[in-house]
Amino acid sequence: MAPVDPHSFTDSTHPPTTHISLTLYLDFSSSTIHASALFTLQNPHSGPFFLDTRSLSIHSIIDPQTKTPLPFSLSVNDPIKGSLLSVTLSNHASFLVTFTTSPSSSALQWLQPPQTFKKAQPFVYTQCQAIHARSVFPCQDTPAVRIRYSARLNIPEELSAVMAAKHVARRSPVDGDALFLPCGDNNSNSKFSWCARGRVVEEFVMEQPVPPYLFAFAVGELDNREVGPRTRVYAEAVPHVLDSAGREFAGSEDMIREGERLFGPYEWERFDLLVLPPSFPYGGMENPRMVFLTPTVIKGDATGAQVVAHELAHSWTGNLITNKTNEHFWLNEGFTTYAERRIVEAVQGEKRATLNIGIGWRGLNEEMERFKDNMEFTKLKTNQEGIDPDDVYSEVPYEKGFQFLWRIERQVGRPAFDEFLKKYIATFKFKSIDTETFIDFLKANIPGIENQIDLVLWTEGTGIPSDAYEPDSSAYKLIISLANESINGRMPREDEVADWHGQEWELYLDNLPKSFEVSQIQALDSRYKLSESKDYEVKVSFLKRAISCGCKAYYSEVEKTLKGVGRMKYLRPLYTALVKGGAKEDDKVFAKRIFSEARESYHPIAQGVVEAIFAKHL
Ligand code: BES
Ligand code: ZN
């Protein structure tokens with residue numbers, strides 16, 4: 001018996017699950033899902049079989065042929081992994097579990113109507129990466145196991161459902177739907193009416209094998225707009241949200257074509273986008289066929305394209321080739337950051353791509369500061385035994401991973417590297433791999449590379465290797481030098497910033513010297529209105545500065561921001577600035593009050609992350 005992943009109870013001697021057939025009854029009144037899952041294993045198994053669960057009530061496990069119960073037990077809760085569900089099989093390759101999720105399921109956010117744009121209907125959505133799928137259904141919740149699935153979502157008829165899977169039908173409930181659901185009483189008539197009255201069933205299939213963290217659905221009052229031959233944008237049925245999203249993402253098809261040119265065929269048929277309510281905890285999530293996005297990427301100037309480019313790039317790096325465990329997360333995010341920048345370069349030009357590299361370089365250097373007492377997490381390949389991946393989420397796998405691949409590109413030249421990437425993707429598609437597999441493939445395909453680049457230092461060493469590279473374009477350098485000149489009280493002139501977008505401002509603000517003063521902050525803002533920017537990257541960079549210099553004039557804006565959005569990229573720096581070592585007592589009190597008032601509106605993952613910031617500093 002051996003675990004295959006430090007974040008999962010999955011055992012290497014057990015057969016992998018190949019298919020799960022899910023029936024989900026979404027109960028908005030109790031924020032729970034009554035469900036069943038029919039498992040198919042790669043081969044029959046006898047003895048204990050392990051599944052991951054978190055905060056699930058397991059009602060029964062039965063043999064689907066004989067309908068006889070199978071013995072099972074649920075372990076006490078491990079704070080990171082959850083509870084081990086062990087079912088005893090006797091030469092079974094299939095079994096059916098009935099269960100109910102908890103209102104505190106870590107993957108699910110149940111929104112009341114006031115928390116949505118339209119404010120008329122409730123909304124629910126999943127976020128399963130890194131290890132939250134187990135709070136929606138039992139599974140071998142490791143990316144080492146890839147599964148196909150089908151799903152039937154029983155929902156109120158006023159709502160509709162979308163999934164990161166192919167839509168098969170929207171239909172009325174039929175008798176058989178209720179059969180395996182752990183609800184109603186056992187009188188089949190009353191059970192059927194319980195399942196059918198005022199309800200519809202939406203059916204989906206995922207025909208390609210995917211890691212469990214890519215399981216995703218959302219249910220609400222949704223509508224969509226077509227923006228390209230294989231792309232629709234979905235959002236709440238509010239015309240201005242749909243219209244602005246439609247405009248923002250009009251360039252998606254061009255990006256898909258660039259992706260195909262660079263990385264090979266797009267294997268997922270559709271590339272739809274779902275814009276979520278503001279509490280969505282990430283910028284984007286690469287759920288296959290249906291990327292999930294924060295509404296903060298809609299800025300009216302098509303800069304949201306960068307996040308779309310990133311999630312699209314995962315269609316090759318992450319969703320086709322997947323990290324085997326979270327310890328190799330850089331294989332997902334480092335490759336995707338590299339691929340994202342190649343797509344951005346192709347559709348928006350080299351200048352945009354270089355600015356993004358510059359912003360990333362700054363972020364990487366800041367992470368070195370954050371992890372100075374915990375250098376393990378400055379490595380590409382990390383040891384995550386006993387570590388919650390949400391606690392160590394950082395830019396390191398993204399930006400150090402990007403730097404490593406960019407370093408290889410510089411060594412071998414772009415044409416050779418492009419060829420290598422295509423071959424890498426074609427070789428490992430629909431597989432889950434680790435860092436060693438990548439390194440072996442690299443050495444086999446670029447002979448002698450290990451004599452030119454210290455591959456071990458890059459993948460296993462701490463810190464930033466000296467052959468990493470800060471971009472040296474003139475546009476980038478100009479912004480950095482303007483930021484440095486602020487030491488002498490010089491502010492950029494109108495003519496210098498005339499063509500600046502959000503990224504230029506973000507770069508400028510993040511590179512301002514630590515000694516920047518309150519009077520300078522205020523002067524900068526009264527001239528350029530950064531605190532009111534519609535671009536959250538700019539606004540948050542500015543507010544972070546304002547907090548560091550104790551500039552109280554902006555605290556109402558800080559409060560509004562922390563209460564208005566749930567994207568962790570914004571929550572983390574603002575809460576950290578308010579409570580970190582050296583912060584003033586009244587800032588800490590302010591942070592605690594805001595969190596107590598805003599907590600309910602955050603996704604459970606974001607709640608946990610803010611609590612971890614408080615636990616570390618308070
Ligand atoms: N897969 C990530 C989001 C994620 C990572 C969710 C780890 C849960 C655990 C996604 O592709 C991502 O990186 N999103 C970024 C977008 C950015 C880099 C353009 C984000 O949300 O900020
Ligand atoms: Zn990503």
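In listed order, ligands and their atoms are each counted from 1.
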Has K81 got its NZ or CZ under 6.0 Å from the middle of the six-membered ring of F9, at an angle within 45 degrees of the ring axis?
-> yes

With a cut-off of 4.0 Å, which atoms of ligand 1 are near a heavy atom of G283?
-> 20 (C), 21 (O), 22 (O)

Pull out every atom of ligand 1 sitting under 4.0 Å from any heavy atom of H314, numbered as shown with elements.
-> 11 (O)

Spell out, as yes or no, whether a donor-acceptor pair under 3.5 Å connects the side chain of T231 to the backbone of V227.
-> no

Does a side chain donor of either E333 or H310 reach within less than 3.5 Å of an acceptor in the other side chain?
-> yes

Cation-pi check, R407 onto Y469 ring (under 6.0 Å, within 45° of axis) | no

Within 45° of the six-membered ring axis of F428 and under 6.0 Å from that ring's centre, is NZ or CZ of K431 located there?
-> no

The Zn ion (ligand 2) reached by E286 (N, O or S, under 2.8 Å) | no

Step by step, would you call F614 with Y575 a ring-ring contact (aromatic ring centres under 6.0 Å, His included)?
-> CA-CA 8 Å; F614 285 4; Y575 277 114; 5.7 Å; yes

Just one of F280, Y282, Y234 clears the ring pair (Phe, Tyr, Trp, His ring centres under 6.0 Å) bar with Y125, so which one?
-> F280

Under 3.5 Å, N or O to N or O, is Q127 touching ligand 1 that way?
-> no

Look at atom 9 (C) of ligand 1 and say which protein heavy atom is nearest, naming residue and atom and giving the distance to 0.1 Å.
-> Y282 OH, 3.5 Å

Ligand 1 contact by M568, heavy-atom criterion under 4.0 angstrom | no

Just distances here: any N/O of V307 and N/O of ligand 1 closer than 3.5 Å?
-> no

Quick one: report the N, O or S atom of E333 that is nearest to the Zn ion (ligand 2).
-> OE1

Which protein heavy atom lies closest to atom 10 (C) of ligand 1, and at what distance to 0.1 Å?
-> G284 O, 3.2 Å

Looking only at non-hydrogen atoms, which of H310, E333, R567, E395 approaches atom 19 (C) of ligand 1 most closely?
-> H310

Is the Lys NZ or Arg CZ of R146 less than 6.0 Å from the centre of F430's six-membered ring, within 45° of the axis?
-> no

If we number the atoms of ligand 1 from 1 as shown, the ones under 4.0 Å from a heavy atom of E286 are 1 (N), 2 (C), 10 (C), 11 (O)

Kindly indicate whether a cation-pi arrangement holds for R270 with W268, taking the cut-offs as under 6.0 Å to the six-membered ring centre and within 45° of the axis.
-> no

Numbered atoms and elements of ligand 1 in range of Y393, under 4.0 angstrom, heavy atoms | 5 (C), 7 (C)

Would you mind checking which non-hydrogen protein atom is closest to atom 13 (O) of ligand 1, with the distance to 0.1 Å?
-> Y398 OH, 2.6 Å

Between A245 and V275, the two heavy atoms sitting closest are CB-CG2, 4.0 Å

Identify, by atom number and element, the atoms of ligand 1 in contact range of F329, meaning under 4.0 Å from any of its heavy atoms.
-> 5 (C), 7 (C)

Y149 vs F215, ring-ring contact (aromatic ring centres under 6.0 Å, His included): CA-CA, chis, key distance, verdict = CA-CA 9 Å; Y149 67 85; F215 173 89; 5.3 Å; yes

Region of Q129 that comes within reach of ligand 1 [heavy atoms, distance under 4.0 Å] | both

The protein heavy atom nearest to atom 15 (C) of ligand 1 is E311 OE2, 4.0 Å

What's the atom name of the N, O or S in H310 nearest to the Zn ion (ligand 2)?
-> NE2

